[in-house]
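Below is one structure, written out as structure tokens; the observations come after it.
Chain letters run A, B, ... following the sequence lines, proteins first, then strands; residues in each count from 1.
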Amino acid sequence: MMNNISTTMTTTPTKAPAMNEPKISARNVQVYYGEKHAIKDVNIDIRPRSVTAFIGPSGCGKSTFLRCINRMNDTIANCRVEGNISIDSENIYDPKVDPVQLRAKVGMVFQKPNPFPKSIYENVAYGPRIHGLARKKSELDDIVSSALQKAGLWGEVKDRLDSPGTGLSGGQQQRLCIARAVAVSPEVILMDEPCSALDPIATAKVEELIHELRENFTIVIVTHSMQQAARVSQRTAMFHLGNLVEENDTDKMFTNPDDQRTQDYIMGRFG
Amino acid sequence: MDVGFIILILAVLAALGHVVGRRRALALAAKSGVKLHSLPGYYGQTVALFTAVPAFVVLVAWLFVQPGIVESRVSGMIPDSVIPEGGARSLVMSDVRRIAGGLDAVLARDGQRGADVPIEALDFNNIRGRLAEVGVALGGDVPSEVFEAAKAFRENSRTGNLMMTVVVLAVAVVLGMLAYRRIEPELRARNISESFVKSLLLGASLVAILTTIGIVGSLIVETFEFFQRYPAQDFFFSTVWNPQFRGGSDLGILPLLWGTFYVSIISLIVAVPLGLLIAVYLSEYAGPATRGIVKPAIEVLAGIPTIVYGLFALVTVGPFLRDWLAQPLGLGTSSSSVLTAGLVMGIMIIPFVSSLSDDIINAVPQALRDGSYGLGATQSETIRQVVLPAALPGIVGAILLAASRAIGETMIVVLGAGAAAKLDLNPFEAMTTVTVKIVSQLTGDTEFGSPETLVAFALGLTLFVITLGLNVLALYIVRKYREQYE
Amino acid sequence: MTDVTVFGNPAVPTKGKSLLALDERTRRRNNAEARFRLMGKIAVAIGIVALIGLLLSILSNGLSSFQQTYITLNVNLDAAVLDKAGDRKPENIAKVSTFGYAPLIEKALRDAMAQKGIAVDGMNAKAAAELISKEAPADLRRFVLADPSVIGQTHSFDLLAAGRIDGYYKGRVTMESAKLDRNTSPEQLMLADKLKEAGILTTRFNWSFFTAPDASDTRPEAAGLGIAVIGSAYMMLIVFVLSLPIGVAASIYLEEFAPQNRFTDLIEVNISNLAAVPSIVFGILGLAVLINFFGLPQSAPVVGGLVLTLMTLPTIIIATRAALKAVPPSIRDAALGVGASKMQSIFHHVLPLAMPGILTGTIIGLARALGETAPLLLIGMVAFVREYPAGPPDGFFDPASALPVQVYNWTQRGDPAFVERASGAIIVLLVFLILMNLVAIILRRRFERRW
């Protein structure tokens with residue numbers, strides 16, 4: 001099955017990225033909010049079909065950088081991004097790139113569960129509908145059910161697909177949002193502190209889900225919980241004051257970091 | 001005594017009370033060596049409040065009540081024989097009031113000329129000419145009973161005024177003295193004057209309730225009167241509106257309701273899409289600079305008096321529609337029409353729809369928009385499929401409020417819609433509304449007690465019930481909507 | 001696993017495609033986006049155009065009312081006509097009606113025409129005299145009665161030209177329309193042109209529009225706003241004096257003292273519903289309660305003022321409560337902390353800080369009341385009033401008009417010259433409204449506080 005997917009992914013005409021090539025690579029990325037220099041010269045490569053965690057004290061720019069990857073910062077009026085972020089070697093800040101098309105490829109899950117005030121079915125069907133992924137109702141039904149299955153929510157909601165998504169519990173809502181993102185079949189899923197509003201049991205379920213999704217998607221997750229980063233990610237990047245301090249294998253990062261600041265943060269000396 | 005003068009005296013008494021009260025408190029404290037409970041000013045304030053406020057309340061109440069009492073006493077003096085055929089006692093009473101006023105004017109003028117004529121010298125035979133001299137023209141012959149009633153009216157009013165002066169000043173002085181006598185250093189003057197002020201504040205907020213009682217009471221009482229003279233089922237279910245001066249009118253509300261409904265619908269068809277698009281554009285697309293100019297400009301539309309829209313309809317829009325649409329299409333020749341009024345009213349309620357919807361759209365959490373953008377939706381897809389459905393209840397509330405505004409609007413339809421009550425579908429025809437008929441029935445020459453006049457109150461009650469219902473419903477929906485996102 | 005059918009589905013267009021190439025669907029969606037945005041712009045444009053059209057229509061119809069055509073004549077106030085007894089007694093002079101003055105004007109016009117050598121074929125002296133307003137003799141008579149010593153002298157007077165002549169110079173009357181008009185003729189217009197050449201007929205700023213009382217149907221040239229301005233001013237005074245203290249007191253009670261109970265809820269619901277009651281219903285209230293029940297006079301500013309006060313109160317209460325709410329609790333706490341009572345903290349600290357907001361709300365409420373028409377129609381302010389009301393407070397009980405009602409009144413007249421007057425009156429009304437709103441904006445800007 002892995003092979004099946006990798007073949008569909010390698011249809012880029014010019015250059016076919018191999019498994020070991022980075023899915024996302026950022027070069028000299030600078031972000032400004034008006035006068036404020038929020039991200040300072042960040043360079044990072046993110047590997048395909050793995051979970052990369054961004055950690056760091058609050059206000060360090062990890063969420064800002066995450067939102068650069070699907071150009072969500074475009075919706076903020078005075079935000080300016082410089083440098084180069086490419087996905088499969090295509091610069092997403094190229095003027096020819098339509099952010100709408102980009103975001104279909106790079107999905108996002110937010111800090112607080114934000115289901116639309118629609119039925120569970122409509123929540124999941126929304127993305128496929130706007131992107132025209134289904135030609136008929138039965139196709140759409142398939143997409144919805146498999147996305148809900150992927151998100152581990154199918155068993156809980158299959159009998160009440162018509163009830164409002166806002167009526168679910170917090171953890172279910174967040175998994176609904178993940179299903180919503182998955183339904184568009186993106187290649188990358190960005191998660192901005194997806195468990196910060198959830199209780200421990202719901203958090204565990206979502207983490208388990210992330211673990212499963214890793215087989216099919218490149219996942220980047222921002223988290224303020226170092227335990228979570230350690231549990232779910234293979235690679236970890238540490239941000240501090242807008243700088244990328246260190247990027248490393250998660251195991252190494254939490255046992256023997258290269259940078260003193262990472263060490264201090266992990267030991268709880270600041271944050 | 002003149003009311004203004006009485007108020008002036010009350011003010012002086014209150015000021016005096018303040019000074020002596022303060023002085024007494026200080027003097028007593030100095031003598032007994034006990035520390036004052038409150039600042040000395042509060043002792044003065046207590047005396048001043050007790051002097052002025054109750055007396056003022058008595059004064060106002062008296063002013064409102066006295067005319068009614070005098071009226072009923074004098075009214076009894078007029079025998080039924082004097083009341084003309086088909087006329088009403090109230091008309092005779094208004095003659096009585098006018099003659100009484102004229103008598104005052106005659107006496108005042110004679111007084112100026114130095115000729116002190118006692119009231120007894122004015123008799124029935126010489127009064128007509130003398131009243132005409134001071135500008136009170138009497139129509140027809142005045143029966144002597146009416147003249148006597150006028151004299152009694154004048155006497156009663158004078159006695160009433162004198163009693164009022166005495167009572168008001170007595171209340172002021174007695175209560176002021178009592179408050180003064182109570183002063184001692186331990187008196188909690190601040191607490192007393194503060195509870196006094198607090199009850200005044202409560203009184204002020206009761207004005208709203210009194211207003212509602214006044215509105216509902218007068219509408220219901222007069223509507224009841226109307227239904228005594230005109231069958232209710234004819235009013236509610238007759239399709240003919242045809243008031244006659246000599247009675248035998250058809251007063252069916254249906255054509256008026258239809259006109260009201262038709263004009264309001266047209267205005268909503270104009271205002272709702274425009275208002276919503278403006279709200280969406282301003283809240284989702286426009287930059288701060290555009291928003292800063294356009295939003296106030298649109299809101300200016302809401303601040304322009306409705307008479308201005310009425311004139312616009314009458315002078316510009318009506319003739320334009322007639323000459324460019326109705327006549328070429330052979331649909332009508334009237335410049336006042338349902339369409340004229342509806343269009344202009346639509347312009348007027350654009351800001352009601354747009355600014356309310358603007359608030360409501362802004363209340364939709366940004367997280368929902370982010371969620372949609374994150375899935376790759378365009379801005380318009382987000383607005384149409386996420387933001388507007390989420391804001392729908394609030395927008396429905398805003399539209400209901402705008403509808404209630406349209407239904408109650410008067411001047412635009414008075415000047416733009418016409419006066420012909422009919423049930424028609426052609427929007428280029430002149431039709432009429434409930435509000436237009438309230439104005440025309442109450443500003444006409446028909447006498448007050450007739451069904452033709454009283455019907456205006458029944459119309460007013462209908463209007464009040466409809467708009468109140470719409471408002472309550474709209475506010476309920478909007479409140480529920482806001483709770484959803486709080 | 002069903003995953004494969006979804007994620008490996010070839011119908012999925014985004015998978016693996018280059019981001020640099022815009023696909024057909026995205027292009028269509030972007031077009032839809034542009035269309036939607038354009039619709040928004042069009043809606044805004046329609047709104048703005050409607051506003052501009054409304055204002056332009058009023059301005060183009062009404063600006064000419066600030067100009068008025070006058071005919072300047074030297075009139076001999078002939079003692080033989082005006083004071084036959086020759087004793088200059090006011091009673092006797094007053095007996096000469098306006099019909100006595102008309103021939104004097106006619107003669108003065110004849111003399112002036114003869115002196116300048118003006119003549120138009122086929123016109124008699126009577127037709128020539130119709131160039132002058134029927135109001136002119138009345139003006140002359142007032143002048144003489146005010147100072148009988150002028151009798152026998154010759155004075156220069158600026159006499160109002162008749163409405164049609166005035167309209168001729170404002171483009172309302174043309175030679176063609178004059179042919180069909182019973183009230184004027186092309187010859188009269190030609191004569192007017194010649195008088196204008198001779199400098200007898202002039203057009204200047206129309207002060208009397210602001211000061212003169214209303215005039216009858218046939219004399220639009222003499223109609224002015226004097227009484228309406230006084231009436232509106234009286235009513236605004238009453239509304240201000242009553243609604244500000246009552247509104248502020250009610251707001252303080254509701255915002256600071258009212259307990260949380262059903263009664264308070266009742267008051268709150270009442271206020272928010274009153275704010276939405278159609279204004280005409282307040283007119284019915286005024287008629288039924290103030291005039292019929294309490295016997296207050298019709299057409300009087302006091303009734304109008306009371307009705308408008310009741311109508312404005314909810315607006316003021318809502319604005320005042322917002323202003324009180326905007327004062328941060330820390331101010332109250334600070335005052336209470338140094339031992340002030342609650343009443344003291346409110347009256348000494350909160351209220352002064354909230355005052356700019358309260359005044360702004362009050363002015364906006366007043367502006368709304370100033371433009372309100374419908375309720376005033378019902379309490380009889382449509383009546384034709386030519387006598388100036390007395391000074392306050394007695395004048396509050398005298399019949400008067402009001403600016404918006406005067407507009408309505410003039411729209412109901414037959415002569416098209418009244419449309420010009422009505423639009424002119426609206427311009428005056430709008431200027432007042434703009435001034436009031438400016439004051440409100442300046443107050444807000446000046447005292448706006450950010451905590």
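- Screening Ile46(C), Ile48(C), Val44(C) for a side-chain contact (heavy atoms from CB on, under 4.5 Å) involving Ile278(B) leaves a single residue, Val44(C).
- Rounding to the nearest 0.5 Å gives a distance of 9.5 Å between CD1 of Ile347(B) and CG of Leu51(C).
- Side chains of Phe347(C) and Val197(B) form a contact here, defined as non-hydrogen atoms less than 4.5 Å apart.
- Looking at Ile298(B), the atoms closer than 4.5 Å to chain C (heavy atoms on both sides) all sit in the side chain, from C-beta outward.
- Pairing each heavy atom of Ser205(B) with each of Ala250(C), the nearest pair is CA-CB, 3.5 Å.
- Proximity to chain B (any heavy atom under 4.5 Å) is restricted, for Leu430(C), to the side chain, taken from C-beta onward.
- The two residues Ala288(C) and Phe457(B) have their closest heavy-atom pair at CB-CE2, 3.8 Å.
- The heavy-atom pair separating Ser57(C) from Thr316(B) by the smallest distance is OG-OG1, 2.7 Å.
- Within the 4.5 Å cutoff, the side chain of Leu429(C) has heavy atoms near those of the Ile307(B) side chain.
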Trace of the side chain to side chain contact (heavy atoms under 4.5 Å, CB included) decision for Leu206(B) with Phe263(C):
CA-CA 10 Å; Leu206(B) 289 183; Phe263(C) 187 66; 3.5 Å; yes

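- For the pair Arg37(C) and Tyr281(B), the cation does not sit on the ring face, since its NZ or CZ is not both under 6.0 Å from the ring centre and inside 45° of the axis.
- Side chains of Arg190(B) and Gln344(C) form a contact here, defined as non-hydrogen atoms less than 4.5 Å apart.
- Interface remark: Ile58(C) contributes side-chain atoms only to the contact with chain B (heavy atom separation under 4.5 Å).
- With a 4.5 Å cut-off on non-hydrogen atoms, Leu54(C) touches chain B through its backbone and its side chain both.
- Counting heavy atoms from C-beta outward, Tyr408(C) and Leu311(B) have side chains that stay 4.5 Å or more apart.
- Of the listed residues Ile364(C), Leu254(C), Leu378(C), the one with more heavy-atom pairs under 4.5 angstrom with chain B than any other is Leu378(C).
- The side-chain contact (heavy atoms from CB on, under 4.5 Å) with Ile280(C) is formed by just one residue from the set Val434(B), Val414(B), Leu442(B), Ile438(B); it is Ile438(B).
- Of the listed residues (Ser251(C), Gly380(C), Ala276(C)), the greatest number of heavy-atom pairs within a distance under 4.5 Å of chain B belongs to Ala276(C).
- Side-chain contact between Thr373(C) and Thr410(B) is absent, with no heavy atoms from C-beta onward closer than 4.5 Å.
- Residue Ile209(B) forms a side-chain contact (heavy atoms from CB on, under 4.5 Å) with just one option from Leu274(C), Ile267(C), Val269(C), Ile271(C), and that option is Ile267(C).
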